[in-house]
Amino acid sequence: MKKHVITKTFGKFVLDDNKLKKFMNIFDFYDYKKIKNEHKPLNEKIAKSIAKAMKTWAMKNGATHFSHWFLPLTGKTAEKQTSFIEVCKSGKIIEEFNEKSLIKGETDASSFPNGGERLTFEARGYTVWDYTSPAFIKEDFSKNRTLYIPTAFCSYTGTALDEKTPLLRSIESLNGASLKMLKLLGYKKIKYVNCNVGGEQEYFLIDKDKFLKRTDLKIVGRTLFGDKPIKSQEITSHYYGMIDELTSCFMNDVDNKLWEMGIMAKIQHNEVAPKQHELVPIFTPANIASDQNQLIMEVLREVAKKHNYVALFGEKPFKHINGSGKHINWSLSTNTGINLFDFSMPDKRLYLVFFTAMICSVCDYYNLIRLSSASRENDLRLGGNEAPPTIISMFVGNYVESMLNSFSYANSKHKLSVLDTGVKLLPKTIKDFCDRNRTSPFAFTGNKFEFRMVGSSQTIAWPCTCLCAAMANTLNNFVTELEKTPLTTENLLTFISKKLNTHKKIVFNGNSYDPQWQKEAENRGLKNFKTTPDCFKIFDDKKVVELFEKTNVLNKCELNLRKTTFIKTYLQNVLIEGKTMFEMTHKNIIPALFDCINNLKQTKNKTSLELYKKFEKTLNYLFDYNKKLSAELNVLEDAIKNLNLTVSVNKTLDLMNKIRTAFDEIESYFPNNLKPFPNYNDILFE
Ligand code: ADP
Ligand code: MG
C-alpha cells in the first residue's frame, strides 16, 4: 500500500470521537465531550449510549467478538475474547453488547501476578473500562476482527493488579498538583494538565529459521551463548543505513496496521547494531502512549511472523553488540496548549517552576526512577557504554545550567545560533537550543525530557507512574511552601534558587560513560544501584512508600505486591535462563563437541591434536559447570516455590558466565557442518 493513502485509512479501526459522534445520540455525545474535556467520570446514561455506538460500529466493521484488554504485572497485555452471541427468551440467536459488558468484566485474579494478594479461594478480579483510551479493532491475517476495550484491572477489594491503574492515578495526581501550582501563578482558567509521552521503540528483526534453531532465543528471547561476530558495529554502517527492501516491506506493513489502529507511527530507521531498528510514534497523553506502545510491540511481533522474521524486544539479545531501549520522551502541557518546559514562553515563571520541580523530583526520587528501569535483561545493557550508566543524573545543557545558576539570564532571551557548514550554497539553518547528550539517563532535549534508561521490553506505564508521582509530590510541596509568602517575582526566584541549590547534585552535563563520573557521583552522594537485586530494597525506602501513599498512587499493600512480583519475576527469569543454558549445553553443545572430537581423532596432525585437547578441556569444564549449575537451579526453584525471595542468584549467574565463556572461546573452531546452532555471523549478517 502506498503511503499517500495514510489519511484515508488512518484510524479506520479506532473508535475515536468523530466516529462516536456519528453513531451516538448527539445530545449524549456532547455531554460525553464535556465530561471528557473536564476529565470527569462518565455517567451510566452516556456509557449506555457509547456501548450502543460501539456495538454498531464494531459490527459494521465485521467484529464478532469483544474483549476487555488490560495490562497485568506480566508486562504483556491480557484479553478474554467474548462473542456478541446471545440467546433470546424465544430461543432466537441475537448479537448483544451493552453498557454492563462495556463497563465491567470479571476475571480470575489469582491466575495473574498478584504478590499473594489473591489466592484461589478468593480469586475475584475486575476489569474496568478506561474511557480515556479509545476502543479499537484488531484484525488478524484472515481478516477476523475483534473489538478491544482498554481497561484497568483490580481485585475484588479494589487493589490495583495492573500497570494502568497506578498510571491513571498518578496522572490524576499530577494533574491536580499542576493545576494548584498554575492557579497560584494566576492561571485560573486552565482545566487540565497532560503528561505527554513519545516512546521510541528499539527492536531486532531476525530470520525466523535461525531463531527456531536456538532454544535460548525461543525460550528466553536472547542468546545465552555466542562469540563476538567477525564484524559487528565498529564501522557504524548500520545506524541510519539504507533500509533494505525486505525490511522496508515489513516496516510498511507495520505502519499501515498501526495507522489503521490510530497510532501515529512517524519514524523508522536502522539502529546502531546490525538487524536492529527503531520505530517512533508521535507523542500522545501518557495513558494512551502506554497502551499504544503495547500495541506497537504486538503489531511488530505479529507482522514479523508474516514476513518470516522474528522481532526481538529483549534489552540485550546479543552480547558484544548494542542492546535495545525504549526512550521515554516526557513533557507536561496544559489544555490551552502551553508546554510547561518551553523556555521560549513569555511568562518565565512557568518554565522556571516546572523545570525546577522536575530537577527536584529526579533528585529526590532518583532511586525510584532507577528502580523503574530495572530488569534482569536491562542489567546487561545499562552501564555498558551503549546505554546510560546505572547512576541517575540529569543533562540540562550548558545554557540552561548557567541560566539556572545565575538568574541574570532569566530575563534575557536566549539567542539561537546559525549552523555553519562551511558551504556557502547550503541553506542557513538555526541550531537547537542545546546539544544532545546520549550518555545521560535523563536528558533535557529542548522542550521535553528523555528518559533513556528504560528497557525495550518494559512497559511505558511503570516508569511514567513513578515520574508522575514524584512530580506531583514535588509540585504539591512547592505550592505548600510558596503559599506561605506573597508570590512576588523576588520571592519566587529566591525559592527556586534555594531549591536548585539543594538539588543540583543530580545535574551532570558531562560524559556519563566516563569512569570519573562514578567517583564524582559518589562524592555527590548519588548511590549507584548497579543491578536489579540492588534495586529490590528501594521498594522499602520510607520516602518511596510515603510518596506513593501521599499521591494516592499505590498503598502499602499494592507497593508490596509489586515488590513481590518484581523479585519473583527476576528470580524466575534467572531460573529459566539457567534451565535453558543447561539444556543447550547438554543437547546441543556437548553432542557437537563429541562429534568434533571423534572427527579430530581420525586426523592425526599437530593442529588437530591441539584442537582435540582444547575441545576435550572445554568438554570437561562444561560437564563440571553444568552439574553445579543444575544443583544451584534446584535450590533456586525450591526457593521460588516456597516464596523465599531472599535467595541469592550470584552463584547461578557466575556459573552461567563460566559456561558461556567456556563455549564462546571455542565456538569459532567448530566446522560449519558441526556447529551446535547458528552463530552470531549467521544470525546478524546473512
Ligand atoms: P531522537 O531524535 O531522540 O531519536 P525521535 O525523533 O526518534 O527522537 O523521537 C522523539 C519522540 O519525542 C517522538 O515520539 C516525538 O513525538 C516525541 N516528542 C516530541 N515532542 C514532545 C513533547 N513535547 N513531549 C513528549 N514527547 C515529545
Ligand atoms: Mg529516535
Side-chain angles (χ1 to χ4, degrees), residues 6 10 167 171 174-175 178 192-204 236 238-241 243 251 254-255 258-259 262-273 276-297 300 313 322-345 350-351 354-355 357-358 386-388 394-397 400 429 431-456 460-461 463-464 467-468 471 512:
I6 296 178
F10 185 84
L167 175 63
I171 290 170
L174 178 53
N175 173 46
S178 306
Y192 196 78
V193 172
N194 258 322
C195 159
N196 304 305
V197 170
E200 298 167 50
Q201 179 67 51
E202 293 177 349
Y203 63 96
F204 278 82
T236 58
H238 197 255
Y239 188 54
Y240 279 22
I243 299 172
M251 286 178 169
V254 168
D255 280 349
L258 293 176
W259 290 330
I263 299 172
M264 298 177 282
K266 176 81 177 165
I267 296 168
Q268 54 203 16
H269 64 78
N270 288 348
E271 254 301 331
V272 171
Q276 192 188 25
H277 313 281
E278 179 175 298
L279 188 150
V280 191
I282 296 176
F283 69 94
T284 54
N287 177 38
I288 296 178
S290 164
D291 283 349
Q292 291 192 343
N293 181 253
Q294 294 298 330
L295 285 176
I296 288 173
M297 290 195 281
L300 283 167
F313 297 104
N322 272 20
S324 302
K326 180 173 309 193
H327 304 158
I328 295 188
N329 293 273
W330 203 81
S331 74
L332 297 178
S333 68
T334 66
N335 65 311
T336 53
I338 306 173
N339 176 344
L340 295 166
F341 299 133
D342 181 356
F343 275 63
S344 64
M345 270 186 294
L350 288 178
Y351 63 75
F354 282 88
F355 198 89
M358 194 74 236
E386 57 173 279
M394 285 173 97
F395 166 85
V396 298
V400 177
T429 173
K431 290 203 285 192
D432 272 293
F433 189 66
C434 57
D435 202 349
R436 272 175 184 242
N437 187 332
R438 292 169 63 103
T439 68
S440 177
F442 209 94
F444 182 56
T445 55
N447 62 1
K448 61 181 173 11
F449 288 90
E450 188 179 5
F451 183 23
R452 301 177 57 87
M453 272 173 115
V454 181
S456 44
I460 278 183
C464 277
L467 288 176
C468 289
M471 192 67 175
S512 310

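Counting starts at 1 for both ligands and their atoms, in listed order. Source: prediction; values computed, not measured.
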Pick from Lys326, Glu202, Gln268: which one makes a side chain to side chain contact (heavy atoms under 4.5 Å, CB included) with Glu278? Glu202
In this structure, atom 12 (O) of ligand 1 is nearest to the protein heavy atom Asn329 CG, 3.2 Å
Does Gly199 reach ligand 1 with a nitrogen or oxygen that is under 3.5 Å from one of the ligand's nitrogen or oxygen atoms? no
Which word best sums up how the rings of Phe343 and Phe444 line up, parallel for under 30°, tilted for 30 to 60°, or perpendicular for over 60°? tilted
Record the part of Ser333 in heavy-atom contact with ligand 1 below 4.0 Å; permitted values are side chain, backbone, both and neither. neither
Please confirm whether Ile282 comes within less than 3.5 Å of ligand 1 when only nitrogen or oxygen atoms on both sides are compared. no
Would you check if Leu350 and Asp342 make a side-chain contact, meaning some heavy-atom pair closer than 4.5 Å? no
Considering only heavy atoms of Pro281, which atoms of ligand 1 have at least one such atom less than 4.0 Å away? 13 (C), 14 (O), 16 (O)
What residue and heavy atom of the protein are closest to atom 6 (O) of ligand 1, and at what distance? Ile267 CD1, 3.3 Å
Side-chain heavy-atom pair Phe354, Met471 within 4.5 angstrom cut-off: yes
Identify the protein heavy atom lying closest to atom 22 (C) of ligand 1, giving its residue, its atom name and the separation to 0.1 Å. Ser331 OG, 3.4 Å
Interfacing atoms of ligand 1 (cut-off 4.0 Å, heavy-atom, Gly198): 14 (O), 26 (N)
Between Ser440 and Met394 (side chain of the first, backbone of the second, donor and acceptor by atom type, cut-off under 3.5 Å), is there such a pair? no
Does Gly241 offer a backbone N or O that forms a donor-acceptor pair with the side chain of Asn270 under 3.5 Å? yes
Taking 4.0 Å as the limit for heavy-atom contacts, which would you say applies to Asn339 with ligand 1: side chain only, backbone only, both, or neither? side chain
Protein heavy atom at shortest distance from atom 26 (N) of ligand 1: Phe283 CB, 3.3 Å
Where on Val280 is there a heavy atom closer than 4.0 Å to ligand 1, on the side chain, on the backbone, on both, or on neither? side chain
Of all N, O or S atoms in Glu278, the one closest to the Mg ion (ligand 2) is OE2
Out of curiosity, is Glu278 lining ligand 1, as in a heavy atom under 4.0 Å away? yes
Is there a nitrogen or oxygen of Asn196 sitting under 3.5 Å from a nitrogen or oxygen of ligand 1? no
Ignoring hydrogens and geometry, is there a side-chain-to-backbone donor-acceptor pair from Ser512 to Thr439 under 3.5 Å? yes
Check for a donor-acceptor pair, side chain of Asn335 on one end and backbone N or O of Tyr192 on the other, with a separation under 3.5 Å. yes
Nearest non-hydrogen protein atom to atom 4 (O) of ligand 1, with distance, is Glu200 OE1, 2.8 Å
Is Glu386 reaching over with its side chain to a backbone N or O of Gly323, donor-acceptor style, under 3.5 angstrom? yes
Among the N, O or S atoms of Glu200, the one nearest the Mg ion (ligand 2): OE1
Test item, Glu450 contacting ligand 1 (heavy atom, 4.0 angstrom): yes
For the residue pair Asn339 / Ser331, report whether a side-chain donor-acceptor contact shorter than 3.5 Å exists. no
Is it true that a side-chain atom of Asn175 and a backbone atom of Val193 form a donor plus acceptor pair closer than 3.5 Å? yes
Return the residue, atom name and 0.1 Å-rounded distance of the protein heavy atom closest to atom 2 (O) of ligand 1. Arg436 NH2, 2.5 Å
